[in-house]
Amino acid sequence: MTGKSSATNVPQWIPTQADIESARITDFARFVTQHHGVRARNYSALWQWSVDDVAGFWRALWEYFDLGALPGDVLTDDTMPGARWFPGTRVNYADQVLRQYRSDRPAIIGLSEDSSPREVSWAEMLARTATFANALRQLGVRSGDRVAGYLPNIPEAVIAFMATASIGAVWSICGQDYTAKAALNRLGQLEPTVLVTADGYRYGGKMHDKRAEIDELRAGLPGLRATVVVSHLGNTVFGALDWERVSDVTDAPPVVETAAVAFDHPLWVLYSSGTTGKPKGIVHGHGGVLLEHLKALALQLDIGHDDTFFWYTSPSWMMWNFQVAGLLVGATIVCYDGSPSSPSPDALWALAARTRATVVGTSPGYIRSCEKVGVVPSGAHDLTSLRSVAVTGSALPATSSFWLNNNVGHHIPVFSISGGTDIVSAFIGGVRTVPVWPGELSAPYLGVALEAWNAAGKPVMGAVGELVVTKPMPSMPVRFWSDPDGSRYRAAYFDAYPGVWRHGDRISLTDHGSVVVHGRSDSTLNRNGIRMGSADIYESVEALPEVTEALVLGIDQADGSYWMPMFVVLADGVEPTDELKQSIASAIRSGLSPRHVPDEIIWAPGIPHTRTGKKLEVPLKELLQGADQSTVVDTSAVDSPDLLAWYSDHRRR
């Protein structure tokens with residue numbers, strides 16, 4: 001497939017002159033012209049400078065956000081892995097949040113399925129942060145110690161993180177949709193000293209009591225000094241400290257005391273999906289995250305003091321960390337404990353209207369579910385405050401981009417972004433000064449030296465290649481947890497192309513500067529030497545009203561043959577027929593090519609995903625190639641583990 005859009009080369013959204021003039025990135029461009037002598041006439045030129053002069057760009061970003069005096073160089077070693085950023089600089093993530101204090105808007109809006117919105121003012125958020133930070137100190141938590149969260153997406157999770165960061169301790173969190181075993185696989189690696197949890201969460205119209213899992217989790221963390229419990233559902237956990245008491249604002253200290261830490265001092269530990277083994281603990285530093293998130297939110301997504309930022313996410317997903325970063329730019333953030341489709345399929349849009357959200361983030365899967373049931377958000381809800389919609393988790397099909405345009409608002413740009421837990425941000429996405437093409441991502445982010453490389457390690461344009469980053473970024477992981485010699489870290493990103501970051505996605509660069517994401521390279525289909533992206537096939541198939549979801553795999557058989565089955569989940573009430581199989585094949589043939597048509601279409605009861613919503617392509621491929629389930633997938637990291645046996649039974653005999 002070429003780098004041209006599969007749908008159209010006509011943008012579906014073009015920025016107005018007013019959009020361009022008012023965008024924060026335009027102000028940044030003026031700043032670098034005035035203070036660094038860089039004249040960037042458009043986004044493309046600004047991006048080119050940001051990757052040509054990496055140290056100069058990140059210095060300019062530091063200065064633009066007025067983060068303080070720099071004691072030395074920005075980048076003293078640009079070798080990957082091992083780049084040395086801002087040596088001698090001391091910083092604390094929480095300081096930038098403290099600087100945004102205001103009394104005219106809430107810091108956080110907390111939502112649950114069955115309760116009214118709860119506004120947390122900046123004064124309350126910071127007072128509780130200060131009080132809880134003091135409680136942590138009294139419990140003996142010091143800089144470098146670990147504080148673990150097992151929490152739903154509620155304001156208390158944000159405050160607990162802020163308090164932890166302020167004293168230089170290390171934060172790590174799992175959502176309560178994880179079992180105790182799955183949470184232990186992650187949090188247990190860190191040997192935390194304090195656990196912050198809640199008695200349960202709400203989802204799909206039900207309250208999920210997690211007290212038994214909390215007991216199991218505590219038993220598996222022998223180094224705990226204390227457990228702090230938020231009574232979210234009104235229950236009591238015996239032997240634990242009450243959140244309200246340890247964060248009480250009655251006699252709260254006036255200010256949050258922060259510890260100045262090294263630029264690369266660990267801020268938090270996030271985890272790989274863990275579907276093929278023990279999840280890797282990915283360590284990110286204060287300084288790298290601070291700079292990356294200021295850039296991503298303020299300059300790329302154009303979020304600022306007047307915005308209400310609502311991304312539907314679980315604390316287990318890096319987008320939770322990304323949403324918390326709204327506080328770095330003075331925005332109000334929305335924490336939602338519940339399902340985006342409860343009590344109705346358009347619940348997320350109703351919440352966006354209720355909170356007057358200006359930037360809403362969700363997943364392609366949710367957008368497709370709205371398409372299937374005929375939701376028209378702009379007709380049912382007041383979305384006049386909405387300025388943009390952002391989407392990530394997998395490739396957004398052009399059809400879904402058009403659907404958003406037609407049913408949410410023609411004036412609203414759809415910013416599809418792609419990145420990962422690895423950098424806790426995006427490599428590619430939207431920007432308010434660049435057009436949006438359906439099915440494409442508008443541009444590489446500033447400071448991301450992004451290229452598409454072929455099998456020979458050469459950059460290509462207009463052809464599918466590996467996503468690589470040829471120069472370092474400050475939010476690349478500081479290290480992996482329990483990886484003393486760095487071997488796991490190097491193997492994850494640098495074995496394929498020494499000194500160059502290989503991310504594991506296949507992309508193509510278009511002739512108008514955008515990027516098309518074709519899916520994960522480790523699940524790329526390779527039929528008779530022709531490499532194909534599964535995302536392209538999903539776009540054709542999942543647009544059909546009869547289909548809920550599809551999964552296509554390329555299976556290498558023991559006899560040397562290649563089998564490419566596609567598993568299809570049908571919409572409610574749809575009968576599986578041979579005629580429907582022919583319609584699906586025809587849609588693929590006409591939308592892509594005959595070579596994309598699978599060898600076999602198999603009706604499936606469901607498709608398993610990671611808990612962050614990604615289809616389990618690689619483990620299922622290995623299962624169907626004959627691998628033992630216990631060696632290729634950790635069932636605690638899968639949303640529907642009961643489906644794995646069904647797929648194992650469909651190995652080709």
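The structure displayed is predicted, hence computed values, not measured ones. Nothing fancy with the numbering, it's 1 onward along the sequence. The figures that follow rest on heavy atoms only: side chains count, while hydrogens, waters and symmetry mates do not.
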Between D199 and K210, is there a salt bridge with N-O shorter than 4.0 Å?
-> no

Residues that D264 engages under side-chain hydrogen bond (donor to acceptor under 3.5 Å, both in side chains), provided they are two or more places apart = none

Side chain to side chain, Y178 and N185, heavy atoms closer than 4.5 Å | no

If every non-hydrogen atom of V97 is compared with every non-hydrogen atom of M125, which pair is closest and at what distance?
-> CG1-CE, 4.0 Å

Assess the side chains of Y271 and S172: does a donor N or O sit below 3.5 Å from an acceptor N or O?
-> yes

Among side-chain atoms of D19 and T16, is any donor-acceptor pair under 3.5 angstrom?
-> yes

Residues W243 and S247: side-chain donor-acceptor under 3.5 angstrom = yes

Do T384 and R356 meet the criterion of a side-chain donor-acceptor pair at a distance under 3.5 Å?
-> yes

Check ion pair E213-R218 (N to O, under 4.0 angstrom) | no

Rounded distance (nearest 0.5 Å) linking atom OG of S272 with atom CZ of R186 | 7.5 Å

Side-chain donor-acceptor pair present, N153, W320, cut-off under 3.5 Å = yes

Check whether the side chains of H609 and D639 place a donor and an acceptor atom closer than 3.5 Å, and report yes or no.
-> yes

With no hydrogens and no angle check, do the side chains of S166 and E257 hold a donor and an acceptor under 3.5 Å apart?
-> no

What class does the angle between the rings of Y93 and F161 fall in, given that below 30° is parallel, 30 to 60° is tilted and above 60° is perpendicular?
-> perpendicular

T193 versus D145, side-chain donor and acceptor atoms under 3.5 Å = no

Kindly compute the distance separating CD1 (I214) from OG1 (T227), expressed to the nearest 0.5 Å.
-> 8.5 Å

Hey, are R368 and E371 close enough for a salt bridge, meaning a charged N less than 4.0 Å from a carboxylate O?
-> no

To the nearest 0.5 angstrom, please state how far the OG atom of S475 sits from the CG atom of D422.
-> 9.5 Å

Rounded to the nearest 0.5 Å, how far apart are NE2 of H286 and CG of L267?
-> 4.5 Å

Relative to each other, are the rings of F28 and Y64 parallel, tilted or perpendicular (30° and 60° limits)?
-> perpendicular

Taking the inter-plane angle between the rings of F309 and F322 on a 0 to 90° scale, is it parallel (under 30°), tilted (30 to 60°) or perpendicular (over 60°)?
-> perpendicular

Hey, what do you get for CG (L351) to CD1 (I109), rounding to the nearest 0.5 Å?
-> 10.5 Å

Interatomic spacing from CG in D337 to CD in E156 - rounded to 0.5 Å | 10.0 Å

Hey, are R105 and H305 close enough side-chain-wise for a donor-acceptor pair under 3.5 Å?
-> no

Do T358 and D307 have side-chain N/O donor and acceptor atoms under 3.5 Å apart?
-> yes

Taking only Lys NZ, Arg NE, NH1 and NH2, and the carboxylate oxygens of Asp or Glu, determine whether E191 and R225 approach each other closer than 4.0 Å.
-> no

Plane angle bin for Y336 and F310 - parallel if under 30°, tilted between 30 and 60°, otherwise perpendicular = perpendicular

Look at atom NZ of K181 and say whether more than 12 heavy atoms of other residues, nucleotides or ligands are closer to it than 6.0 Å.
-> no

Nearest heavy-atom contact between G149 and W171 is CA-CH2, 3.9 Å

